[in-house]
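Read through the structure below, which is laid out as structure tokens, and then see the notes.
Start at 1 and go down the list; that is how both ligands and their atoms are numbered. This structure is a prediction, so every number in the text was calculated from the model and none was measured.
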Amino acid sequence: MTTTTATRVLPADAAAVALAAERLRAGGLVAFPTETVYGLGADATNGAAVARIYAAKGRPRFNPLISHVADAQEARRLGRFNAAARKLAAAFWPGPLTLVVPKAAGCTIAALTTAGLDTVALRVPSHPVAQAILRAAGRPIAAPSANRSGRISPTTAAHVRADFPDALDLIVDGGATAVGLESTIVACVDETPVVLRLGGLARGAIEEVLGAPVGVRKAAGEAPQAPGQLASHYAPRAAVRRGAVQVERGEALLTFAGAAPPGTADAVAVLDLSPRGDFVEAAANFFSYLRRLDASGADTIAVVPIPERHLGEAINDRLRRAAAPRPPASTAPRSTG
Ligand code: TXA
Ligand code: MG
């Protein structure tokens, strides 16, 4: 007989941090807050533990995971940092930046974590709860966003519990995350750094530190390197209609900077990402507002045009994927991440 145990949710105090570290060291699955989104953590050096992440998320195996460490020193034991990687780490760690670098000799990250690649994705999160758990665990922790594959990323512990009511050892509740978008991923493998995924660190900030423009690797015709490169992703149940200049009957509206296109008054629900037009605030609200509008029961979420600058670039990237055509639910998993 099998029994199902409801996933435990504990407030992020010292006891919860200690229990999280103990469960992680024992090969368990623990969701915890980072400054970007909640992560679904497992010991990155333990292939069996990492396999449980893929199983819980329903994520295709070819997609490598980010390994989280407490500081840049630890990161540099795991990966080889060229000049650009060193600059970016110094400028933005701890923070919402992931660096993909060649594996160091003697790198202890399990092959399953990197999906067999000879590169490794490393991130030093700034969230104090993530920091405390990483230090207590004393090893790199693999952690994709704590949502089922292809679904909206979680910015609260309640979002995590909704996706994983019984599959995890523990959820550590540290409140709503501040950044709200996943980390920006930059590959520092070849001479020229390239953005693999737009995210919570604006591209302009990276270019300022590197003193040069940085390209975004495009998905078309290439093997997926980051989950955001797959077509459908971050998908709510409702359809998403971008660039809406009017609201159709029965739609919910996601707006920005106070925009109220014709039909707004009749919308099923309306949420403004940032009435004062602030991109940082908009990013922090983005995933939870998508969830709330999805829960309104509307068939379609109309979204006003979002300016393509600062974090608007990453928000538009997520919106394009949320709006992308979806394969039928009965066939292959619709996406990853
Ligand atoms: O903000 C974040 O980055 C969150 C929090 C929890 O830290 N994590 C996150 O992880 O978004 P995830 O697994 O959903 O997205 C990480 C992506 C992988 O799916 C993969 O495509 C890319 O990073 N990645 C990992 N290792 C890579 C590698 N060696 N080369 C290229 N891309 C890699
Ligand atoms: Mg994800």
Side-chain angles (χ1 to χ4, degrees), residues 30-42 44 50 53-54 56-69 78-80 92-103 107 109-127 129-131 133-134 140-155 159-160 163 172 174 177-190 193-201 217 219 222-230 232-235 283 287 314 317-318 321-322 335-337:
V30 175
F32 60 90
T34 80
E35 70 279 20
T36 58
V37 299
Y38 274 71
L40 179 52
V50 171
I53 295 180
Y54 290 100
K57 281 184 67 102
R59 164 182 260 198
R61 298 231 165 168
F62 54 73
N63 219 340
L65 304 174
I66 296 172
S67 293
H68 299 67
V69 292
L78 301 169
R80 293 207 314 271
F92 299 116
W93 277 353
L97 170 71
T98 294
L99 293 173
V100 170
V101 298
K103 273 183 169 175
C107 175
I109 305 281
L112 187 59
T113 308
T114 59
L117 299 174
D118 51 13
T119 53
V120 60
L122 296 167
R123 176 157 117 75
V124 178
S126 65
H127 196 292
V129 175
Q131 276 284 328
I133 290 172
L134 290 170
I141 299 299
S145 52
N147 53 276
R148 287 203 193 275
S149 190
R151 292 302 188 170
I152 300 171
S153 297
T155 57
H159 295 162
V160 180
D163 266 17
V172 180
T177 62
V179 175
L181 295 176
E182 297 88 343
S183 60
T184 299
I185 304 178
V186 179
C188 297
V189 176
D190 310 316
V194 60
V195 172
L196 299 183
R197 177 178 73 184
L198 293 160
L201 178 64
R217 185 166 295 172
E222 294 189 64
Q225 293 221 6
Q229 297 191 323
L230 295 171
S232 170
H233 196 69
Y234 309 103
F287 285 128
D317 172 78
R318 302 297 185 279
R321 294 171 205 295
S335 174
T336 65

Self-check item: Candidates R123, H127, H68 - the one meeting side-chain hydrogen bond (donor to acceptor under 3.5 Å, both in side chains) with T34
Solution: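 When side-chain hydrogen bond (donor to acceptor under 3.5 Å, both in side chains) is applied between T34 and each of R123, H127, H68, only R123 qualifies.
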
So if I count the atoms of ligand 1 from 1 in the order they appear, which ones are less than 4.0 Å from some heavy atom of [X]?
| X | value |
| --- | --- |
| G39 | 6 (C) |
| A143 | 6 (C), 8 (N), 10 (O) |
| I66 | 3 (O), 8 (N), 9 (C), 10 (O), 16 (C), 23 (O) |
| T119 | 28 (C), 29 (N), 30 (N) |
| S145 | 8 (N), 9 (C), 10 (O), 14 (O) |
| A121 | 25 (C), 26 (N), 27 (C) |
| L117 | 28 (C), 29 (N), 30 (N) |

Should the proximity of [X] to ligand 1, defined as any heavy atom under 4.0 Å, be assigned to the side chain, the backbone, both, or neither?
| X | answer |
| --- | --- |
| L196 | side chain |
| I185 | side chain |
| N63 | side chain |

Self-check item: Contact check: S145 to the Mg ion (ligand 2), N/O/S below 2.8 Å
Solution: yes

Exercise. Heavy atoms only: give me the nearest I53-P144 pair and the separation to one decimal.
Key: CG2-CG, 3.5 Å

Quiz item: If you take all heavy atoms of T36 and T177, which pair is closest and at what distance?
Solution: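 Minimum heavy-atom contact is O-OG1, 2.9 Å.
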
Quiz item: Can you tell which of H68, K103, R217 gets a heavy atom nearest to atom 7 (O) of ligand 1?
Solution: H68

Quiz item: Any idea which of A130, P125, A31, P144 brings a heavy atom closest to atom 12 (P) of ligand 1?
Solution: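 Ranked by closest heavy atom to atom 12 (P) of ligand 1, first place is P144.
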
Quiz item: Per the side chain to side chain contact (heavy atoms under 4.5 Å, CB included) rule, which among L40, V37, T155, V160 passes with S145?
Solution: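 The side chain to side chain contact (heavy atoms under 4.5 Å, CB included) with S145 is passed solely by V37 among L40, V37, T155, V160.
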
Under 3.5 Å: donor-acceptor pair, side chain of [X], backbone of [Y]:
| X | Y | result |
| --- | --- | --- |
| T114 | P64 | no |
| R148 | D163 | yes |
| T113 | A44 | yes |
| Y38 | G174 | yes |

With only distance considered, is [X] within less than 3.5 Å of ligand 1 through an N or O on each side?
| X | answer |
| --- | --- |
| R123 | yes |
| R197 | yes |
| S183 | yes |

Quiz item: So among R197, R318, R321, which one has a salt bridge (Lys or Arg N to Asp or Glu O under 4.0 Å) with E182?
Solution: R318

Quiz item: For the atom pair NZ (K103) and OG (S67), what is the distance rounded to the nearest 0.5 Å?
Solution: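 Reported value, rounded in 0.5 Å steps: 9.0 Å.
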
